[in-house]
Amino acid sequence: MDLFNNLLMGLSTALELNNLVFCLIGVVIGTAIGVLPGIGPIPTVALLLPFTFGLSPASAMIMLAGIFYGAQYGGSTTAILVNVPGETSSVVTCIDGHEMAKQGKAGTALAIAAIASFFAGTMATIVIAVLSVPLSVLALKFTAVEYFSLLVLGLIAAVVLAHGSVAKSLAMVLLGLLLGLVGIDVSSGVARMTFGFAALSDGLDFVPIAMGLFGLGEIIANLERPAERRVVSQSIRSLIPSREDLRAAFPAMVRGTTLGSVLGVLPGGGAALPPFSSYALEKKLARDPSRFGKGAIEGVAGPEAANNAGAQTSFIPLLTLGIPANALMALMIGALMMQGIQPGPQIMTEQPKLVWGVIASMWVGNLMLLVINLPLIGLWVSMLKIPYRLLFPAIVLFCCIGTYGIANSLFNVWLMMGCAMLGYFFIKIGVEPAPLLLGLVLGPQLEENFRRAMLIADGDFSVFVSRPISAVILGVVVILLLALLSPAILKTRKEALAE
């Protein structure tokens, strides 16, 4: 009964006119950036953070969430028609989707991709709603001790989700924690690492750092990449798949949705893991695996369903526990903090309209995407003709305006520019910036909860292992660390970095 009442409350929030408008804006922007290779959801969300400052928390989160799952739809359009994946998660769709387009089945491939994404989005929304209730009950048992252990798990998860060297990832987490300590200490009033700059007294602002590292840094790197985009097939005959196509695709949709829902929750799964895993599963289960790579419809339906389900279920740890499952969820935590909302286990009870409004908006957004994507395919493909060199100056201008507008501070603009250079440097040397961002976001909360835990326990460190929930969480941390440092995992990460 509680679940039904919560969903009704969420739908009433999501169906408010202003929230519907921002949901539509989010999914349209998401589709557009999914279509354009090189401008992914992470840079876009980072760049739009300042513009959410004047919005209500529900409108801001609904729009940002729409950008994320909308990008999954957009990426499949260019993957099928142009053989260019707009998103990392759409790389697998190119294999069979583009082959179908070359065989004159572009309309069928696009329709199946859209239907699979809508089906997965609907099922994932139900999964989020069902799991949110028990997790919110568990969250009520959390004190500062359990929350500290949970934040440690979040930081170790940051190392898991990063690619390449474990040592570099740990170093980035530590750098993020150090940057999070800059400013005047709330308890003692002592200035820490401000170097006499008054602008650093309130600490480093999250938004210019995120915009620089993820937004401008990635966009600068894209300027030196080739931008050849040839449309092989734009002849779309019919967007209504036949019964045979639906019958062949449906089991793959169900399997993809199930697999994506599980992998999306796991920290460090990344955008590419659900669709790649789904494609491998479909190929293994197929009676004739040789069809894959030659236009097999299951090779489109399964990965697209897994892709969308994974994108949405990655919100579960964020909405229930305040822990980001990936780099984009770390940006979402920043968006919540900008709105004056402390992410954590208490968010389900303190902000039920926000949480259930975002959950319900995902289904509304997926319905919007199904309606707007297929009729506007010609528009999305024509966007590929926009030269990247013309987009870049406009993006930089919006970044500067947005960053300055947060606190009317020129220091923030210079900080963003410095972080853009740093982000570009990290890309060139193959270092993942996501752990730094998570360290910056979670660091102050880690310190605050550690102090509270020590007050509760009178300085006894054993409190972290004597309380059952905390002990279990720290046990998971130890298992993750041992797994990360195992020779097999280290070898796999080195190979991934070499590729």
* Euclidean distance, Asp245 CG relative to Met100 CE, rounded to 0.5 Å -> 6.0 Å
* Scan Asn308, Thr257, Leu370, Asn366 and name whichever one has a side-chain contact (heavy atoms from CB on, under 4.5 Å) with Phe119. => Thr257
* Side-chain donor/acceptor of Gln103 to backbone N/O of Lys294, under 3.5 Å -> yes
* Go through the steps to decide whether Leu336 and Leu354 satisfy the test side chain to side chain contact (heavy atoms under 4.5 Å, CB included), and finish with yes or no. => CA-CA 10 Å; Leu336 285 170; Leu354 167 66; 3.8 Å; yes
* Asked: Do the side chain of Glu304 and the main chain of Pro275 share a donor and acceptor less than 3.5 angstrom apart?
  -> no
* Pairwise distance CH2(Trp356) to CG(Asn6) - rounded to 0.5 angstrom -> 4.5 Å
* Evaluate the ring planes of Tyr279 and Phe292, with Trp represented by its six-membered ring, and classify them as parallel (under 30°), tilted (30 to 60°) or perpendicular (over 60°). => perpendicular
* To do: Calculate, to the nearest 0.5 Å, the distance between atoms CG and CG belonging to Leu24 and Asn19 respectively.
  => 12.5 Å
* Does Glu298 come within less than 4.0 Å of Arg291, counting only side-chain N to carboxylate O? -> yes
* Asked: To the nearest 0.5 Å, what is the distance between CG (Leu7) and CD1 (Ile359)?
  -> 7.5 Å
* Looking only at atom types and distance, does a side-chain atom of Thr13 sit under 3.5 Å from a main-chain N or O of Gly357, one as donor and one as acceptor? -> no
* Mind checking the CG-NZ spacing from Asp288 to Lys283? Nearest 0.5 Å is all I need. => 11.0 Å
* To do: Using only heavy-atom distances, determine whether the side chains of Ser59 and Ser56 contain a donor-acceptor pair under 3.5 Å.
  => yes
* Asked: Does any N or O in the side chain of Gln312 come within less than 3.5 Å of the main-chain N or O of Gly121, such that one atom is a donor and the other an acceptor?
  -> yes
* Structure fact -> Value for CG (Leu263) from CZ (Phe276), rounded to nearest 0.5 Å, stands at 13.5 Å
* Would a distance-only check, ignoring hydrogens and angles, find a side-chain to backbone donor-acceptor pair under 3.5 Å from Asp96 to Ile297? -> no
